[in-house]
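For the numbers below, each heavy atom of this structure counts, side chains included, while hydrogens, waters and symmetry mates do not. Keep in mind that this is a model prediction, so the values were computed, not measured. Note that ligands are numbered from 1 as they come in the structure, with each ligand's atoms numbered from 1 the same way.
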Amino acid sequence: MSFPPGFLWGAATAGHQVEGDNRNSDWWAWEQRSGTPVAEPSGAACEHFTRYPQDVALLADAGLNTYRYSIEWSRVEPAEGAFDAGALQHYRQMTQTVVDAGVIPMVSLNHFTVPQWFAARGGWTADDAADVFGRYCEQVVRAIGDLVPWWCTLNEPGNVAVGGYLGALGWPPGTRSYSDWKRATRGMTEGHRRALAVVKSLHPSAQVGATHGMIEWLPSTAARPAVAQVRRMFEDAFLDVCGDDDYIGVQTYTRLPVPLPLALAPAVYAAMAVPAVRDQLLPTLIRRATAGFGDHGPEASDGVRRTDMGYEFWPEAIAATLRRAASLFPGKDLVVTEHGIATRDDPERVEFITRGLTAVRQVMDDGLPVRGYIHWSLLDNFEWTLGFRPTFGLIGVDRTTQERAPRPSLRFLGDVARTGRLPA
Ligand code: BGC
């Protein structure tokens, strides 16, 4: 099974999850605060802020040609309007290191975290949130734009809006308000547009898109209207504003059956037709449905094979979400910007990659313009509220010594990248 020349083969990380010591970010504060559902603080994380040369070399030596990483806004702008030249210089040096290694940089301008001062003025709900984000984006693009052919504006904004502002995932700012969710969604859709405009005005040939957390939803007939609305909140609200993007970043980890009995269909359809009921009911339902999300889950007691995240092991879900993105934007480039598994069993990761890539190849055979596959993640890292327990890395990281241990899955994906062939 082969892939075309020029295909992007990569691995991803995000600043706060790997750099360490991101003291000015909202997540850092959230991790220190009592009463939040964070298992452990990010602390030194993977010390990627200083160890990135080694990590980039491991990625390049394995044969991967793309590194997706994020700029930490709270380092670049630690106080409102005050930009840190040293931090910008750091990201320039890092990006130069990536380029010098023969690797294509794909840079995310925002991967969940925001500076504490931005959170304090309302975060994404503030009227001028997009302006403020745009100003930061401009500084970054001016500093490193000449080196960066691929940009991601916002990473999985649906998870931030629903997970943080509606309170579904226990993320900061930890509000539980439908109107905050709505305002944050507007702030981020505007923020995406602003970032796109900034990059395009300075570097018209750069490829710019957002990255979307998408699930293969499998609702029963009765569940369909409720799932459609939930999907709208997590996914469509943001996909809707991506018509001008150069590509759609698709990130998929699992599929989710929602088996509501048929007898409930009339009640669900009726409830969803009344906005006031729908707006109150949905946030409550999402919070309840995701309450155990991220736990180990009912260990296969129901016969379902699960990852260490508690959700179903189903690498082929990526085909369903790529098809959905393509149906919304026919002909637009698609990039798998994340796909990965938390497991202690590296052969299982190789299986996940193999089955995922087989599914990607199938959708390409059907004519979908998929331009790349970026695996999550390069390193075992800080998995948000779950701390360091789930291990997603192609490279293991010793929590005491910070020693890197490249896994066979890194060699496997690197060989696929180098040869353009997936072994049968
Ligand atoms: C996020 C990553 C996260 C990964 C695994 C994605 O939703 O972009 O930050 O670590 O999933 O859960």
Any donor-acceptor pair under 3.5 Å from His375 side chain to His339 backbone: yes
Sub-4.0 Å atoms of ligand 1 with respect to non-hydrogen atoms of Gln17: 2 (C), 3 (C), 9 (O), 10 (O)
Geometric class of the Trp171/Phe112 ring pair [parallel <30°, tilted 30-60°, perpendicular >60°]: tilted
Protein residue, atom and distance nearest to atom 4 (C) of ligand 1, heavy-atom basis: Tyr253 OH, 3.4 Å
Audit row: Val103, Leu64, side-chain contact (heavy atoms from CB on, under 4.5 Å) steps and yes/no: CA-CA 7 Å; Val103 171; Leu64 300 180; over 6 Å; no
Atom 10 (O) of ligand 1 [closest protein heavy-atom partner, distance rounded to 0.1 Å]: Glu383 OE1, 2.6 Å
Verdict with supporting geometry, Trp9 and Phe3, ring-ring contact (aromatic ring centres under 6.0 Å, His included): CA-CA 10 Å; Trp9 292 105; Phe3 289 81; 5.1 Å; yes
For Asn155, the ligand 1 atoms whose distance to one of its heavy atoms is below 4.0 Å: 8 (O)
Per-residue contact class, Thr211 against ligand 1 - non-hydrogen pairs under 4.0 Å: neither
Identified side chain to side chain donor-acceptor pair (under 3.5 Å) counterpart of Arg68 within the set Asn155, Thr337, Thr13: Asn155
Distance-only N or O hit between ligand 1 and Glu338, under 3.5 Å: yes
Distance-only N or O hit between ligand 1 and Asn381, under 3.5 Å: no
Ligand-residue contact atoms, ligand 1 with His111, heavy atoms, under 4.0 Å: 1 (C), 2 (C), 8 (O), 9 (O)
Lys182 atom NZ, neighbour heavy-atom count above 12 within 6.0 Å: no
Over 12 non-hydrogen atoms of neighbours within 6.0 angstrom of CZ in Arg411: no
For Phe112, atoms of ligand 1 separated by under 4.0 Å from a heavy atom: 1 (C), 8 (O), 9 (O)
Sub-4.0 Å atoms of ligand 1 with respect to non-hydrogen atoms of Glu156: 1 (C), 6 (C), 7 (O), 8 (O)
